[in-house]
Amino acid sequence: MSFATTTQPPLAATPALVKELHVKFIQSLDSKKDELEYWMTENLRLNGIYWGVTALFLLGSPDGLVRDDVIRFVLSCHNNDDGGFGAFTGHDSHILSTLSAIQILATYGALDQLPDRAKTVQFIVSLQKPNGSFPGDKWGETDARFSYCAASALTLLGAVDAMNVDQSVKYILSCQNFDGGFGTVPGAESHGAMAFCCVGTLHILDRLHLIPDPNALGWWLSERQLPVGGLNGRPDKLEDVCYSWWVLSALAMIGRVEWINREKLVKFILQCQDSETGGIADRPGDMPDVFHTLFGIAGLSLLGYPGLEPVDPTYCMPAGLIKSLGIYRAPLPSP
Ligand code: GRG
C-alpha cells in the first residue's frame with residue numbers, strides 16, 4: 001500500500017527510522033541465552049522468530065539471520081506424530097507455532113523442506129469444530145485467532161479447501177459486534193487485534209464482501225486513534241504500537257487506511273524506537289521487544305514509510321512474496 005497519491009502531508013518533519021539498529025537488535029536476541037527472559041519466552045520462540053525474520057525482510061535485510069540455522073531450528077520443532085510444530089524443540093504441536101513455522105519456511109523459500117505437507121494440513125484441519133471454529137491445540141478453547149492461523153497456514157500450503165470454509169466464515173461473522181468491531185468469540189468485546197484476525201480470515205477466504213457494513217467497522221477502527229497519534233485496542237485503553245498493525249491492517253484490507261491520521265501515527269511509532277539499542281517498544285520510553293519491533297515496522301510499511309519493503313496486510317509477510325505465491329487479494333475498494 002503506497003500513499004504517494006494521497007492528499008495527506010509529506011513525512012519530512014518526522015524523526016528517522018534507525019534501520020541498522022533495529023537489524024542489530026533482532027540479531028542480538030539469540031545471544032541472550034544467559035538471561036531468564038530468553039527461557040521464560042520459550043513457549044513463544046517460533047512465533048518470536050517469525051516476528052524477527054519478517055521484520056528483517058521488511059527492513060531490507062533478509063540475510064540478517066543465518067537462513068540455514070533458522071530453518072534447522074524450525075524443523076527441530078516439527079512433531080512427526082501429528083505433523084504440527086511446537087513453539088520449541090520437544091514442545092507439543094500448536095496451531096500458532098505451526099503457522100509461524102510455515103511463514104518462516106515460506107519467507108525463506110523453503111516450504112519444500114516441510115517434512116510431510118499432507119500431515120501438517122491434516123493436523124490443522126483435524127482441529128476444526130463442527131461450528132467452524134478452531135482451538136489452538138487438541139486441548140484448548142476456540143478463539144478467532146486460531147481461525148486466522150488455520151486459514152493463513154492452509155492457504156500458504158495451497159490447501160485451504162481442506163477445511164470447512166463456509167462454516168469457518170459463518171463463525172467469524174458471528175464474532176462481529178453491533179459496534180462494527182470483532183471479538184475473540186461470539187459476544188466478546190470488540191478488540192483491535194481481533195479485527196486483524198477476523199477481517200484477515202474473511203479476506204483469505206475471499207469473503208470480505210460478507211461484512212455487512214464496512215463503514216461501521218472502519219468507523220470503529222478509526223476511533224482507535226488517540227490525540228497522541230498512536231492507536232489503542234479498544235475504547236478507554238492506552239495506545240500501543242502493536243495496534244499500528246492490528247488496526248491499520250484491517251483498515252487496509254477494507255480500503256479505509258485514510259480514515260486515520262497517517263502523519264501522527266508515523267510520528268508515534270518513531271517515538272517508540274530505542275535510538276540506543278534499536279528495537280521498538282509499546283510506548284515511548286518503554287523497553288523494546290521483537291513483537292513491537294515487527295508490528296511498528298509493519299505499520300510503517302503499510303503507511304508507505306520510505307525505505308521499507310511493502311508488507312501484505314492480510315498475511316503480515318513481505319508483499320512481493322505473497323504475490324509470487326499467487327495468493328494476493330486486493331482490498332475492498334475505498335468508499
Ligand atoms: C500472523 C501477525 C500474525 C498473527 C497470527 C495469533 C494471531 C494471529 C494474532 C494475535 C492477535 C492478538 C490477540 C494479539 C494480542 C494483542 C495484545 C497486545 C493484546 C493485549 O490485550 P490487553 O487487554 O491490552 O492486555 P489492551 O491494549 O486491550 O489493554
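Values below: all heavy atoms of this structure, side chains included; hydrogens, waters and symmetry mates excluded.
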J.: Is there a path of hydrophobic side-chain contacts, each under 4.5 Å between heavy atoms of I, L, V, M, F, W or Y residues, that connects Val18 with Leu303?
T.: no
J.: Quick check: closest heavy atoms across Leu231 and Ser244, and the distance to 0.1 Å?
T.: CD1-CA, 4.1 Å
J.: Set out, in order, the CA-CA distance, both residues' side-chain angles and the distance that settles side-chain contact (heavy atoms from CB on, under 4.5 Å) for Asp289 and Trp51, then state yes or no.
T.: CA-CA 10 Å; Asp289 59 73; Trp51 297 331; over 6 Å; no
J.: Would a distance-only check, ignoring hydrogens and angles, find a side-chain to backbone donor-acceptor pair under 3.5 Å from Ser301 to Glu309?
T.: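 Here the side-chain-to-backbone pair exists.
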J.: So, the side chain of Gln273 versus the backbone of Ala16: is there a donor-acceptor pair under 3.5 Å, distance only?
T.: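 Here the side-chain-to-backbone pair exists.
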J.: Measure across Met287 and Ala281 and return the closest heavy-atom pair with its distance rounded to 0.1 Å.
T.: O-CB, 3.4 Å
J.: Can you tell me how far CD1 of Ile327 sits from OG of Ser152, rounded to the nearest 0.5 angstrom?
T.: 7.0 Å
J.: Counting C-beta onward and ignoring hydrogens, is there a side-chain heavy-atom pair between Leu202 and Leu210 closer than 4.5 Å?
T.: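 They are not in contact (no side-chain heavy atoms under 4.5 Å apart), so the answer is no.
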J.: side-chain contact (heavy atoms from CB on, under 4.5 Å), that's the test. Do Asp166 and Arg207 meet it? Break it down for me.
T.: CA-CA 9 Å; Asp166 288 342; Arg207 301 293 200 284; 2.9 Å; yes
J.: Rounded to the nearest 0.5 Å, what separation is found between the CD atom of Glu223 and the OG atom of Ser190?
T.: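 Taking CD in Glu223 and OG in Ser190, the distance rounds to 12.5 Å.
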J.: Quick one: closest heavy-atom pair of Ser133 and Thr142, and the distance?
T.: OG-CG2, 3.1 Å
J.: Are the side chains of Ile280 and Asp274 in touch, meaning some heavy atoms are under 4.5 Å apart?
T.: no
J.: Please evaluate residues Gln103 and Thr54 with respect to the criterion side-chain contact (heavy atoms from CB on, under 4.5 Å), reporting the C-alpha separation (whole Å), side-chain torsions for both, the decisive distance (0.1 Å), and the verdict.
T.: CA-CA 9 Å; Gln103 287 171 311; Thr54 305; 6.0 Å; no
J.: So do Arg256 and Ser334 actually touch side chain to side chain, heavy atoms under 4.5 Å?
T.: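 Ser334 vs Arg256: side chains apart.
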J.: What heavy-atom pair brings Cys149 and Leu96 nearest, and what distance separates the two atoms?
T.: SG-CD1, 3.9 Å
J.: Quick one: does Ser249's side chain get under 4.5 Å of Phe295's, heavy atoms only?
T.: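 Side-chain contact under 4.5 Å: no.
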J.: Go through the steps for Leu99 and Tyr50 under the test side-chain contact (heavy atoms from CB on, under 4.5 Å), then give the verdict.
T.: CA-CA 9 Å; Leu99 170 62; Tyr50 152 71; over 6 Å; no
J.: Could you grab the distance from atom CH2 of Trp220 to atom CG of Asn215, nearest 0.5 Å is fine?
T.: 16.0 Å
J.: Quick one: pull up CG in Leu205 and CD1 in Ile172 and give me the separation to the nearest 0.5 Å.
T.: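 So the CG of Leu205 and the CD1 of Ile172 are separated by 8.0 Å.
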J.: Between the side chain of Asp312 and the main-chain N/O of Tyr315, is any donor-acceptor distance below 3.5 Å?
T.: yes
J.: Can you list every pair that meets ring pair (Phe, Tyr, Trp, His ring centres under 6.0 Å) and has a residue in residues 129-156, with sequence neighbours left out?
T.: His94-Phe146, Tyr148-Phe196
J.: Indicate, with yes or no, if Val23 and Leu21 share a hydrophobic cluster defined by side-chain heavy-atom contacts under 4.5 Å among Ile, Leu, Val, Met, Phe, Trp and Tyr.
T.: no
J.: What heavy-atom pair brings Val121 and Ala159 nearest, and what distance separates the two atoms?
T.: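 Heavy atoms only, the tightest pair is CG2-CB, 3.8 Å.
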J.: Using a strict 4.0 Å threshold on nitrogen-to-oxygen distance, state whether Arg283 and Glu239 make a salt bridge.
T.: no
J.: Should the heavy atoms of other residues, nucleotides or ligands under 6.0 Å from NZ of Lys119 be counted, would the total exceed 12?
T.: yes
J.: Would you say the side-chain atoms of Lys264 pair up with the backbone N or O of Pro227, donor to acceptor, closer than 3.5 Å?
T.: yes
J.: If I compare all heavy atoms of Cys272 with all of Val241, which pair ends up nearest, and what's the gap?
T.: SG-CG2, 3.4 Å
J.: With a 4.5 Å limit on heavy-atom distance, are the side chains of Tyr305 and Ile297 in contact?
T.: no
J.: With a 3.5 Å cut-off and sequence neighbours excluded, list the donor-acceptor pairs that the side chains of residues 79-89 form with protein atoms.
T.:
unit_1 : atom_1 : unit_2 : atom_2 : d
Asn79  : ND2    : His91  : O      : 3.0
Asn79  : ND2    : Ser93  : OG     : 2.9
Asp82  : OD1    : Gly84  : N      : 2.9
Asp82  : OD1    : Ser93  : OG     : 2.8
Asp82  : OD2    : Ser93  : OG     : 3.1
Thr89  : OG1    : Ser76  : OG     : 3.0

J.: Rounded to the nearest 0.5 Å, what's the gap from CG on Leu114 to CG on Leu75? Could you check?
T.: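 Separation between the atoms: 8.0 Å.
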J.: Can you tell me if Arg234 uses its side chain to pair, donor with acceptor, with the backbone of Gly192 under 3.5 Å?
T.: no
J.: Take atom NZ of Lys170 as the centre, draw a 6.0 Å sphere, and report whether it contains more than 12 heavy atoms from other residues, nucleotides or ligands.
T.: no
J.: Quick one: CG on Leu208 to CG on Leu332, what's the gap to the nearest 0.5 Å?
T.: 4.0 Å
J.: Within a strict 4.5 Å, meaning less than it, do heavy atoms of the Phe73 and Ile49 side chains meet?
T.: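 Phe73 reaches Ile49 side chain to side chain.
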J.: Kindly indicate whether the side chain of Val311, heavy atoms from C-beta on, has any atom under 4.5 Å from the side chain of Met317.
T.: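 No. Closest side-chain heavy atoms not under 4.5 Å.
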J.: Identify all side-chain donor-acceptor contacts of residues 56-71 below 3.5 Å with residues at least two apart in sequence or on another chain.
T.:
unit_1 : atom_1 : unit_2 : atom_2 : d
Arg67  : NE     : Tyr108 : O      : 3.1
Arg67  : NH2    : Tyr108 : O      : 2.8
Asp69  : OD1    : Arg72  : NH1    : 3.2

J.: Working note: Asn47 + Ser100, criterion side-chain hydrogen bond (donor to acceptor under 3.5 Å, both in side chains); need CA distance, chi angles, decisive distance, verdict.
T.: CA-CA 5 Å; Asn47 205 208; Ser100 297; 2.9 Å; yes
J.: If you group Ile, Leu, Val, Met, Phe, Trp and Tyr by side-chain heavy-atom gaps below 4.5 Å, do Leu238 and Ile260 land in one group?
T.: no
J.: Is the backbone of Asn43 close enough, under 3.5 Å, to the side chain of Arg45 for a donor and an acceptor to pair up by distance?
T.: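 Absent.
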J.: Do Pro313 and His203 come within less than 4.5 Å of each other through their side chains, counting heavy atoms only?
T.: no
